[in-house]
There are 2 protein chains.
Amino acid sequence: MKISAQEEYGLRCLLQLACLPGTASLTLPQIAEREGISVANAGKLMWLLNKAGFVQATRGTKGGYSLARPAEHIRLSEVIKVLDEDEIGNHCESYTGVLEKCIHKGDCGIRPVIVGLHEIVQEALSQITLSQLVGDEAQVDATFHQIKRFERKLGQESLRN
Amino acid sequence: MKISAQEEYGLRCLLQLACLPGTASLTLPQIAEREGISVANAGKLMWLLNKAGFVQATRGTKGGYSLARPAEHIRLSEVIKVLDEDEIGNHCESYTGVLEKCIHKGDCGIRPVIVGLHEIVQEALSQITLSQLVGDEAQVDATFHQIKRFERKLGQESLRN
DNA sequence: TCAAATCTTTACTTTTTTTTCAAGATTGGT
DNA sequence: ACCAATCTTGAAAAAAAAGTAAAGATTTGA
């Protein structure tokens, strides 16, 4: 259960644009250099982000990428969904709709876990916007901290019952 | 952000043992057949689970695998940690200790997100035991549902501020 | 109009992960 | 003692993911 390279670097590249003042833009070589990845790799990531409507690309001299909408309105959950290709579970087709292929069919003990994890992660990410990542790092920490504390309390309660 | 094949199938194989009455055991071919994977693949997964102390292996005729401790005392967080090799983050070495290699060093905007996600997932998984997965599926659902509801409430509150 | 700078797209290569194979080691039964 | 059933282990093959390369398309400005 870990973030993929595509998710991590895609998010990082997007964050570079969010850091800029106003609606400024960066070229592919600039983004690549700031993230320490190749231009080709950055190109592929930015292409995905462009296709999904998070960034605006301009070709030609003076071209580059800029955010397509304000950083305050870009939730991490949306970004991750696009970079992740939004698949959950690996081989159990029960979740993705093709029920027949899965040996576990209806009575699959770990299905609620896989689905549940995916949901709480998405929900947590939907609480965080790009703009929080650039300036308000403390708020990001606070959000996760509160969730963690609630989870721990939940565990203690179920222990008492 | 998805569960790996090793995590998913390792957990599934372990669950097969947890489903058995008492301290009964299963052989590798039996586990493989029940999970629809090859015997070789099941062998590797069970070897990992054995090394980590979750199952007990007996060789020779009448051999097989059984749980090394009661299903009530095996938390999903522990199992996943072993199957996952417990790594978080992909390329940013800031998290794993080798600080020098990472271009982002201290001022890394998405670090709190990666670390935070890992922590809330681990915390959620630590609330769930193997025994809950075999019988008490409703409780598993309930746990995740409560977390999700709290996260949503959190979001609404931060909206009001 | 042309050249330089830039993004776009497809195909290819490399690396990592997953799966399989094969030989070894241990146990139980005869 | 021997054989059959079983787990163990390391290496190899296959598949998937990540990263690279190259040719194409668009824009700006001289």
Side-chain angles (χ1 to χ4, degrees), chain A residues 1-14 16-17 24-33 35-68 82-87 89-92, chain B residues 1-14 16-17 24-33 35-68 83-87 89-92 103:
Chain A
M1 195 84 200
K2 71 166 102 165
I3 197 170
S4 73
Q6 186 160 280
E7 288 171 294
E8 177 166 343
Y9 274 112
L11 196 50
R12 281 188 191 285
C13 291
L14 196 55
Q16 289 292 350
L17 299 185
S25 71
L26 288 177
T27 68
L28 231 25
Q30 287 175 321
I31 295 172
E33 197 205 346
E35 285 305 326
I37 60 181
S38 72
V39 175
N41 198 1
K44 187 177 165 187
L45 294 168
M46 294 314 289
W47 177 63
L48 284 171
L49 292 169
N50 182 25
K51 243 190 357 179
F54 294 114
V55 304
Q56 204 167 19
T58 325
R59 293 206 258 202
T61 317
K62 308 284 178 193
Y65 295 92
S66 60
L67 288 187
V82 164
L83 296 169
D84 199 19
E85 288 151 10
D86 204 21
E87 285 182 15
N90 280 77
H91 300 280
C92 183
Chain B
M1 195 88 199
K2 70 167 104 166
I3 197 170
S4 74
Q6 187 161 280
E7 287 172 293
E8 176 165 342
Y9 274 114
L11 196 50
R12 281 188 191 286
C13 291
L14 197 54
Q16 289 292 348
L17 299 185
S25 71
L26 287 176
T27 69
L28 229 26
Q30 287 175 320
I31 294 172
E33 197 206 346
E35 285 305 327
I37 59 180
S38 72
V39 175
N41 200 359
K44 187 184 167 185
L45 294 168
M46 295 313 291
W47 177 66
L48 283 172
L49 293 169
N50 181 25
K51 240 189 2 176
F54 294 114
V55 305
Q56 204 165 21
T58 326
R59 292 208 257 203
T61 318
K62 308 282 175 194
Y65 295 92
S66 60
L67 288 188
L83 295 169
D84 199 18
E85 288 151 10
D86 204 22
E87 286 181 14
N90 281 78
H91 301 278
C92 182
I103 194 176

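Here the structure is a predicted model, which means the values were calculated and not measured. Each chain gets a letter, A, B and so on, in the order its sequence line appears, and its residues count up from 1.
A heavy-atom distance below 4.5 Å is not found between the side chains of C13(B) and V55(B). Side-chain contact between F54(A) and L17(A) is absent, with no heavy-atom pair separated by less than 4.5 Å. M1(A) places a side-chain heavy atom less than 4.5 Å from the side chain of M1(B).
For the pair N50(A) and dT8(C), the criterion of a side-chain N or O lying under 4.0 Å from OP1 or OP2 is met. Between dT8(C) and Y65(A), a contact under 4.0 Å exists linking OP1 or OP2 to a side-chain N or O. Phosphate proximity of dT9(D) to W47(B): present, with a side-chain N or O under 4.0 Å from OP1 or OP2.
Nucleotides of DNA chain C nearest to K51(A) and G60(A) differ in position, and the one nearer the 5' end is that of G60(A). Comparing T58(A) and Q6(A) against DNA chain D, the residue whose closest nucleotide sits nearer the 5' end is Q6(A).
The CD1 atom of I37(B) sits 7.0 Å away from atom OH of Y9(B), with the distance rounded to the nearest 0.5 Å. To the nearest 0.5 angstrom, L28(A) atom CG is 9.5 Å from L45(A) atom CG.
When each of dT20(C), dG19(D), dG29(D) is scored by its nearest atom to the side-chain atoms of A5(A), the top-ranked nucleotide is dG19(D). In this structure, the nucleotide among dA18(D), dG28(C), dG24(C) sitting nearest to the side chain of S4(A) is dA18(D). The side chain of A57(A) sits closest to dC7(C) out of dT20(D), dA18(D), dC7(C). Comparing dT19(C), dG19(D), dA5(D) by their closest approach to the side chain of T61(B) singles out dA5(D).
Straight-line distance from the NZ atom of K44(B) to the P atom of dA11(D): 13 Å, rounded to whole Å. As rounded to whole Å, 16 Å separates atom P of dT18(C) from atom CD of E35(B). Between Q30(B) atom CD and dT6(D) atom P the separation is 8 Å, expressed in whole Å. Taking atom CG of L28(B) as the reference point, atom P of dC21(C) lies 14 Å away to the nearest angstrom.
Residue contacts for G43(A): at a heavy-atom cut-off of 4.0 Å it reaches no nucleic acid atom on any strand shown.
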